[in-house]
Asker: 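Structure below; questions to follow.
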Amino acid sequence: MPDQIVQRMRTGMRLPAQFGTTTLLLAHESPAGPAVGLAHASPPFDWLMAMGATLSRELCLTLATTLVELEAVSVADSARGHKLGHRLVDTLVRSYTDQGYEVMLGGIHAHQTHLAPYYEEDGFHVLPPGAPLDLQLPIGRIRFPASTSMRHLVRPLTARVSYSGGILKGLLTGR
């Protein structure tokens, strides 16, 4: 694992609890050894800040504790083939589910077609490149941004939320 990536994530921004939870998981072969795996997740801050002009501050804060974005999963070559990445993602999913988050989002570059089955095995829906993702909220439908160079990943974390045909339904219904 490149040390600069580990250090950047380890020393990332600290946020008040009202803005949700950011989590960095590091896996080491030994307590004093270098990191051989990492997974990083946080609420989609950039998108929520951009939506602040459209949505109320209260709704943006609620979404920051409802939506979490899987930002990175990386496993060193020496640790591959042992399902470490899957275990890291599973740990994040359990943690965010226990905290009451409703959906885990993510993205992969469109040219990384080999990653789609990996994330599908972890329970994610993998959208086609550039496909939009709509979130059906009690106030109406809003769109999570899409790029033709990326594929959205979507995994409901509660039975109340479902995904079908580009639309996440059931968000915020249990609050």
Side-chain angles (χ1 to χ4, degrees), residues 1-28 35-76 84-110 112 115-116 118-120 122-127 131-135 137 142-147 149-158 160-161 163 168 170-172 174-175:
M1 303 289 319
D3 284 337
Q4 66 267 25
I5 294 174
V6 172
Q7 286 305 317
R8 181 177 55 106
M9 290 186 174
R10 196 178 263 157
T11 59
M13 61 182 164
R14 305 275 187 251
L15 299 168
Q18 70 188 29
F19 295 114
T21 303
T22 296
T23 304
L24 170 63
L25 300 177
L26 294 174
H28 299 266
V36 294
L38 70 78
H40 183 254
S42 66
F45 300 116
D46 292 339
W47 177 68
L48 289 171
M49 289 177 68
M51 293 299 291
T54 307
L55 303 175
S56 71
R57 176 177 168 77
E58 180 181 338
L59 180 56
C60 286
L61 290 174
T62 300
L63 288 171
T65 58
T66 302
L67 308 172
V68 63
E69 191 166 15
L70 181 62
E71 295 185 348
V73 177
S74 183
V75 176
L84 176 58
H86 292 291
R87 290 195 313 266
L88 290 167
V89 170
D90 289 345
T91 300
L92 286 174
V93 165
R94 279 193 310 277
S95 174
Y96 283 101
T97 300
D98 291 348
Q99 294 176 64
Y101 282 77
E102 297 181 0
V103 176
M104 183 172 278
L105 304 171
I108 56 175
H109 291 280
Q112 295 176 310
L115 292 177
Y118 175 89
Y119 284 103
E120 288 169 340
D122 269 334
F124 286 90
H125 299 273
V126 180
L127 281 63
L133 175 62
D134 289 340
L135 286 65
L137 303 176
I142 59 175
R143 180 155 286 177
F144 197 78
S147 166
S149 66
M150 297 294 291
R151 300 177 75 166
H152 282 302
L153 305 174
V154 181
R155 180 173 174 176
L157 301 178
T158 175
R160 288 188 317 273
V161 175
Y163 170 79
L168 267 169
L171 288 166
L172 306 177
R175 293 183 180 227

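Computed from a predicted structure; not experimentally measured.
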Asker: Side chains of T91 and T23: does their closest heavy-atom pair fall under 4.5 Å?
Answerer: no
Asker: Ignoring hydrogens and angles, tell me if any N or O in the side chain of S56 forms a donor-acceptor pair with the backbone of L59 under 3.5 Å.
Answerer: yes
Asker: Answer whether the closest heavy-atom distance between the side chains of D122 and D90 falls below 4.5 Å.
Answerer: yes
Asker: Could you state the interatomic distance from CH2 (W47) to CD1 (I142), rounded to the nearest 0.5 Å?
Answerer: 3.5 Å
Asker: Within the side chain of R143, is there an N or O that forms a donor-acceptor pair under 3.5 Å with the backbone of P132?
Answerer: no
Asker: Can you find a pair of side-chain heavy atoms, one from L153 and one from V126, that are under 4.5 Å apart?
Answerer: yes
Asker: For the residue pair G106 and E69, what are the closest heavy atoms and their distance?
Answerer: CA-CG, 4.4 Å
Asker: Would you say the side chain of P156 lies within less than 4.5 Å of the side chain of H125, judging by non-hydrogen atoms?
Answerer: yes
Asker: So how far is it from L63 CG to Y101 OH, rounded to the nearest 0.5 Å?
Answerer: 11.0 Å
Asker: At what distance, to the nearest 0.5 angstrom, does OG1 of T62 lie from CG of L171?
Answerer: 12.0 Å
Asker: Check A27 against L84 and note the closest heavy-atom contact, atom names and distance.
Answerer: CB-CD1, 3.8 Å
Asker: Return yes when atom CG of D46 has more than 12 non-hydrogen atoms of other residues, nucleotides or ligands closer than 6.0 Å, and no otherwise.
Answerer: no
Asker: Hey, are the side chains of I108 and Y118 touching, using non-hydrogen atoms and a 4.5 Å cut-off?
Answerer: no
Asker: Any side-chain heavy-atom pair from L88 and L38 closer than 4.5 angstrom?
Answerer: no
Asker: On a heavy-atom basis, which atom in A64 and which in P43 lie closest, and how many Å separate them?
Answerer: O-CG, 3.1 Å
Asker: From L48 CG over to R57 CZ, what is the distance, rounded to the nearest 0.5 angstrom?
Answerer: 11.5 Å
Asker: Does the side chain of V68 reach to within under 4.5 Å of the side chain of L92, using non-hydrogen atoms?
Answerer: no
Asker: What heavy-atom pair brings R151 and L127 nearest, and what distance separates the two atoms?
Answerer: NE-O, 2.9 Å
Asker: Assess, by modelled atom type and distance only, whether the side chains of S95 and Q99 contain a donor and an acceptor separated by less than 3.5 Å.
Answerer: yes
Asker: Ignoring hydrogens and angles, tell me if any N or O in the side chain of E102 forms a donor-acceptor pair with the backbone of L172 under 3.5 Å.
Answerer: yes
Asker: Is a donor on one side and an acceptor on the other found under 3.5 Å between the side chain of H152 and the backbone of S147?
Answerer: no
Asker: In Å, rounded to the nearest 0.5 Å, how long is the span from OG of S42 to CG of L70?
Answerer: 9.5 Å
Asker: Describe, in one word, how the ring planes of Y119 and F124 are oriented to each other, choosing from parallel (under 30°), tilted (30 to 60°) and perpendicular (over 60°).
Answerer: perpendicular
Asker: First locate atom CG of L67, then atom CG of L168, and finally report the distance between them rounded to the nearest 0.5 Å.
Answerer: 8.0 Å
Asker: Is L133 close to Y163 at the side-chain level, that is, under 4.5 Å between some pair of heavy atoms?
Answerer: yes
